[in-house]
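To start, the structure under review is shown below, and the notes come after it.
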Number of protein chains: 2
Amino acid sequence: MSAQRRSTVDLAEEHLRRSGVRTTPARRLVLEKLSRARGPHTADEINIILRSAVPLSSLYRTLSVLSSNGVLERFHDGAGVARYELAEWLTGHHHHITCSRCGSTRDIDFSQETETTIRRFADQAGASAGFRVTGHRLDLEGLCSQCR
Amino acid sequence: MSAQRRSTVDLAEEHLRRSGVRTTPARRLVLEKLSRARGPHTADEINIILRSAVPLSSLYRTLSVLSSNGVLERFHDGAGVARYELAEWLTGHHHHITCSRCGSTRDIDFSQETETTIRRFADQAGASAGFRVTGHRLDLEGLCSQCR
DNA sequence: TTCCTTGCAAACGATTTGCATTGGA
DNA sequence: TCCAATGCAAATCGTTTGCAAGGAA
């Protein structure tokens, strides 16, 4: 077999295996769907995409396991609902932009140069508050093309 | 009377009055406490600070009124709990840094120059996604001096 | 007086958990 | 086989709401 590029899902599952976390149909299903998604999704949205193949309580447990093992990341949107997406080491560092009218959220990228600049500002500002900065989250708010 | 600098609370109340929103003890109390706070607080924290002077349900209504009238801003922390703080037009634009170990959140400022740079990046990146950017939120994560 | 606001209790919705059962390695 | 994962139902917890009583303008 020639060295083939591993899919995101494969990488994630290998990571889990190495952590001693079992691969199960539900986990694979969630990883597959999220790797295909354009942005972060709520448990409810994932449940709909999966057509309830995984009951909500199990889905939450799945999302919890995947998050605490570093394969997914969780944050809370403007309505306070948890949204999940593949971890940055699988997708690359990125940000979000949310439409303040319809609430849709999209991934967004900054140039490497911009990221470097932001990181430098962040380290600096954090240090002056006595923090060692380990990461940042820059979310934009605006009006999407449909709502504009 | 000489022109005296208006307090943040006064400014907020005048703003409310102009919007036809009544001034009540509960609203004044919440504004006073939040204007003294170092950072954003949850309803529960405010309730404790106020020693339950305002019942939780009324407190939530108060926070809701103040938020929807532009005097407070609400966001959800890492645990998904709503946190409130005075709106930016009252406190000035700023960011937050949260300790990933103890969860404490502090306000943090960037220089005007840095803000300008960030805003420029944001506008640019948003535009390329078809959005008109109206604001941004840059939250830092790190370890505070105690937890470091 | 006229609405708006409050307080209490009940309702809600997202998320979590207990427990018996099933299934992966 | 053995321990972890699942499904269901019930429990939590932050937050919201209905309704009658109280209060600001």
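No experiment lies behind these values; they were computed from the predicted model shown. So you know, we letter chains A, B, ... as the sequences are listed, proteins then strands, and number each from 1.
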message: Measure CZ/B/Arg83 against P/D/dG14 and give the value in whole Å, please.
response: 12 Å
task: Would you mind reading off the distance between B/Ile46 atom CD1 and D/dT15 atom P, rounded to a whole angstrom?
output: 10 Å
By side-chain hydrogen bond (donor to acceptor under 3.5 Å, both in side chains), which residues pair with [X], not counting sequence neighbours?
X	result
A/Ser35	none
B/Thr8	none
B/Thr42	none

task: Sort and list the pairs that fulfil salt bridge (charged side-chain N to carboxylate O under 4.0 Å, His left out) and have at least one residue in residues 132-142 of chain A, not counting sequence neighbours.
output: A/Arg137-A/Asp139
Is there side-chain contact between [X] and [Y], with at least one heavy-atom pair below 4.5 Å?
X	Y	answer
A/Leu72	A/Leu90	no
A/Gln112	A/His93	no
B/Asp44	B/Val81	no

statement: Minimal heavy-atom distance between A/Leu50 and A/Leu29, with the atoms involved, is CD2-CG, 3.9 Å
message: Test side-chain contact (heavy atoms from CB on, under 4.5 Å) on A/Val21 and A/Val71; report intermediate values, then the result.
response: CA-CA 11 Å; A/Val21 177; A/Val71 167; over 6 Å; no
query: According to the side-chain hydrogen bond (donor to acceptor under 3.5 Å, both in side chains) rule, which pairs have a member within residues 70-87 of chain B, sequence neighbours left out?
result: B/Glu45-B/Arg83, B/Asp77-B/Arg83, B/Glu85-B/His94, B/Glu85-B/His96
- prompt: Applying side-chain hydrogen bond (donor to acceptor under 3.5 Å, both in side chains), which residue pairs with at least one partner in residues 12-34 of chain B are found, sequence neighbours left out?
  reply: B/Arg6-B/Glu14, B/Glu13-B/Arg28, B/Glu14-B/Arg18
- request: Please list all pairs passing the ring pair (Phe, Tyr, Trp, His ring centres under 6.0 Å) test where one or both residues lie in residues 22-64 of chain A, with sequence neighbours left out.
  value: none
- request: Return one dot-bracket line describing DNA chain D 5' to 3' (Watson-Crick or G-U wobble pairs, both distances under 3.5 Å; ( ) same strand, [ ] crossing, | another strand, . none).
  value: ||||||||||.|||.||||||||||
- request: Give the B/S/- string for nucleotides 3-11 of chain D, one per nucleotide from 5' to 3', where a protein heavy atom under 4.0 Å of the base yields B, of only the sugar-phosphate yields S, and otherwise -.
  value: BBSBBBB--
task: Residues of residues 66-79 of chain B with any non-hydrogen atom less than 4.0 angstrom from an atom of DNA chain D: list those, numerically ordered, please.
output: B/Arg74
statement: Students should find that the nucleotides of DNA chain C closing off the region near chain A, any atom under 4.0 angstrom from a heavy atom, are C/dA14 to C/dA25
query: Mapping B/Asp44 and B/Thr23 to their closest nucleotides on DNA chain D, which lands nearer the 5' end?
result: B/Asp44
task: Considering only Ile, Leu, Val, Met, Phe, Trp and Tyr, and joining two whenever side-chain heavy atoms are under 4.5 Å apart, list the other residues clustered with A/Phe131.
output: A/Ile97, A/Ile108, A/Phe110, A/Ile118, A/Phe121, A/Val133, A/Leu138, A/Leu140, B/Ile97, B/Ile108, B/Phe110, B/Ile118, B/Phe121, B/Phe131, B/Val133, B/Leu138, B/Leu140
